[in-house]
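Note that the numbering runs from 1 along the sequence shown for the chain.
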Amino acid sequence: MVADRARVGGAFEQPTLALLHRTHAATVIAVFRSAFSREAPAVPAARLHDLVDACLDELRLAGLAGKDVPVGSGRDLCRRWVADQWLIRSLAEDGTERYSLTSHAQDALRLVEQLTRERATLSEHRIATILEQVRRFNRVANPDRAARVGILDAEIARLTAERDRLLAGGDMPEVGADYMLQGFAELTELVAGLPSDFARVSESFTTLRDHITVALRAEERPAGEIVDEYLRRADTLEEATPEGRAFKGAFDLLRDQGLVEQLREDIADLLAHPLAGEILTDADRAGLRGTVSMISRGMSRVIVERARATSALKEFITTYDRSRDREVNATLRALETEIDTWMRTAGAKAKVPVPLLPSEIDVVLLRERFHDTEVTAPPPPLADVSGHRPDTVSMQELMMQGGPSLEALKSWLTHLEVPGGPASAGELFGGLPDALRRPVEIFGVLHLATNTDKLVVTEDHEPYVTVRPDGTRRVLVAPRVVPVAGTDAVDIHAAAPQVSTAGGAAPDGSTGGLAHDHDEAGGHR
């Protein structure tokens with residue numbers, strides 16, 4: 001009983017339960033829910049101060065006061081919440097201060113959110129989830145090879161039978177509203193816990209950084225031993241704590257783009273279910289739809305905090321000057337010696353005037369800039385070009401000197417999606433009007449192909465017969481663009497296509513000399 005009481009007392013001392021146990025817990029939780037969201041995990045400091053003041057004024061006007069509303073300004077309350085480990089105050093990339101919720105505060109908000117929702121008890125979906133989880137866990141952890149093979153064979157047989165039944169025209173089993181409700185409730189609860197998990201990992205890196213810095217400053221061991229040990233820990237922060245090891249496993253899993261895309265598609269299919277509109281609120285739909293982006297932001301936050309910890313530790317180690325500290329210690333010891341000598345002859349109330357700052361230097365004028373002939377010299381006179389008038393240029397000629405005609409090219413590229421149409425963009429390009437066959441239009445074709453899911457840029461190349469505004473023709477070689485179906489495509493987002501050039505763009509919009517540049521007869525130019 002004594003041990004259990006001690007463990008329970010330690011749990012109540014944690015910031016999460018301390019927040020829920022406070023007198024103003026309901027008000028603080030409501031303010032946090034109003035100020036922070038999954039889309040805005042960080043709020044500028046000045047904005048949060050004003051928001052807290054506005055929320056408290058609204059509560060007081062509604063008749064709540066005394067023990068229901070905390071006393072103090074928004075700035076004072078935010079500082080108090082930082083000390084209570086409910087808020088984190090940090091600097092953004094632009095130098096502005098901002099607040100974000102700690103993992104303790106997010107756990108408290110998550111618990112309140114669960115209690116404010118309708119919670120179903122026993123259900124078919126919950127039992128099925130438990131059975132599936134236990135089965136998958138046993139399949140991965142069972143040390144018996146034959147047992148694992150048996151589990152896989154049973155799963156394959158079950159899935160194969162279901163697949164064959166559906167292909168044979170079997171009935172599509174429909175799930176009820178209760179089943180969908182339980183499924184969405186469990187999914188929403190799992191997704192809601194991710195922000196606090198990421199915040200907890202980020203805070204573990206910050207705590208480890210502080211502990212390492214304190215140990216370095218203590219110098220209880222030789223400097224070489226401290227540097228070797230803590231540099232090694234700084235390079236492997238994700239292995240130093242349980243949270244770090246868990247994050248490393250999640251990071252390795254989420255680096256699989258196939259799994260991430262599958263997650264996005266599965267969520268989209270679930271939200272498109274006919275019963276989803278009746279079960280989910282707009283906030284739930286937005287939260288589920290932003291799951292992938294929320295995971296990406298959480299991973300980025302942990303990676304940034306890990307980089308900050310590593311950078312701070314390395315900067316401390318590289319800039320630490322032991323000789324300077326020795327000089328300071330020697331100066332302090334010399335002062336102590338002089339004070340001891342002076343106290344032997346001075347009286348009890350003797351005083352020594354010691355200025356806090358050095359006296360000012362009496363300088364009438366301190367020159368900051370000196371004469372520079374290059375700076376003071378006047379600029380050269382402008383040339384008289386009042387008699388020069390450019391030749392008259394029509395609007396059509398000006399447009400022919402401009403960039404790619406994206407709108408017109410977009411409508412022509414749709415012909416590649418028609419069965420029996422051109423096999424590639426190069427073949428289609430040869431049949432376009434002369435106004436759309438300028439050399440610069442090739443960049444428009446590649447740009448549009450890169451930013452659509454219906455076309456793909458391959459690793460092969462093909463010739464593009466171009467026509468300059470003056471009527472001359474030129475054959476340029478560029479990547480081959482084909483429809484998505486039936487191609488061995490590369491990832492156009494990982495490596496954007498480029499037309500190899502050996503010079504800048506010409507005034508007429510052409511690309512100058514290209515690495516693959518041929519005339520129409522096939523010879524090099």
Side-chain angles (χ1 to χ4, degrees), residues 257-258 261 264 390-525:
Q257 291 299 322
E261 291 299 327
R264 183 182 286 109
D391 297 335
T392 303
V393 181
S394 64
M395 179 60 67
Q396 183 66 22
E397 293 175 342
L398 286 177
M399 294 181 63
M400 291 299 293
Q401 300 294 332
S405 307
L406 296 180
E407 293 298 330
L409 290 174
K410 183 185 297 184
S411 61
W412 279 99
L413 287 178
T414 57
H415 291 75
L416 294 177
E417 307 170 13
V418 179
S424 65
E427 180 179 343
L428 173 67
F429 192 84
L432 297 180
D434 291 350
L436 293 179
R437 292 173 58 190
R438 296 177 299 153
V440 73
E441 304 293 353
I442 297 179
F443 292 101
V445 172
L446 298 180
H447 171 77
L448 294 173
T450 304
N451 290 276
T452 182
D453 296 333
K454 298 181 180 180
L455 301 177
V456 66
V457 181
T458 67
E459 295 180 344
D460 299 331
H461 294 76
E462 64 178 343
Y464 287 72
V465 181
T466 64
V467 180
R468 287 180 169 178
D470 58 1
T472 60
R473 297 177 178 268
R474 193 170 190 179
V475 180
L476 306 179
V477 178
R480 180 181 177 85
V481 177
V482 296
V484 172
T487 61
D488 296 331
V490 297
D491 188 354
I492 60 177
H493 298 288
Q498 296 180 355
V499 179
S500 302
T501 63
D508 61 354
S510 66
T511 56
L514 297 180
H516 301 284
D517 188 3
H518 301 75
D519 57 16
E520 293 188 358
H524 291 280
R525 298 187 61 186

- For V445 and L413, run side chain to side chain contact (heavy atoms under 4.5 Å, CB included): C-alpha distance rounded to whole Å, both residues' side-chain angles, the deciding distance at 0.1 Å, then the answer. CA-CA 8 Å; V445 172; L413 287 178; 4.3 Å; yes
- Item | Residues that A423 engages under side-chain contact (heavy atoms from CB on, under 4.5 Å), provided they are two or more places apart | E427, R480
- Message: Any non-hydrogen side-chain atom of W412 less than 4.5 Å from a side-chain atom of P433?
- Response: yes
- Which heavy-atom pair separates S424 from L416 by the least distance, and what is that distance? O-CD2, 3.4 Å
- Task: Please answer whether the main-chain N or O of P479 pairs with a side-chain N or O of Y464 as donor and acceptor at a distance below 3.5 Å.
- Result: yes
- Task: Could you pull out all residues at least two apart from S411 that satisfy side chain to side chain donor-acceptor pair (under 3.5 Å)?
- Result: none
- Query: Any donor-acceptor pair under 3.5 Å linking the side chain of R438 with the backbone of G403?
  - Reply: yes
- Query: Got a second to check how far L428's CG is from T414's OG1, nearest 0.5 Å?
  - Reply: 8.5 Å
- Nearest 0.5 Å, what's the CZ-CG distance between F443 and L409? 13.0 Å
- Student check: side-chain heavy atoms of V482 and T458 closer than 4.5 Å: yes
- Query: Could you state the interatomic distance from NE2 (H461) to CG (L476), rounded to the nearest 0.5 Å?
  - Reply: 12.0 Å
- Note on the structure: In terms of heavy-atom contacts, F429 and L436 come closest through CE1-O, 3.5 Å
- Can you name the residues that form a salt bridge (Lys or Arg N to Asp or Glu O under 4.0 Å) with D434, not counting sequence neighbours? R437
- Task: Please collect all ring-ring contact (aromatic ring centres under 6.0 Å, His included) contacts where either partner lies in residues 391-411, sequence neighbours excluded, each pair once.
- Result: none
- Can you name the closest pair of heavy atoms from L448 and K410 and give their distance? CD1-N, 3.6 Å
- What residues, two or more places apart in sequence or in another chain, satisfy side-chain contact (heavy atoms from CB on, under 4.5 Å) together with P404? L406, V440, E441
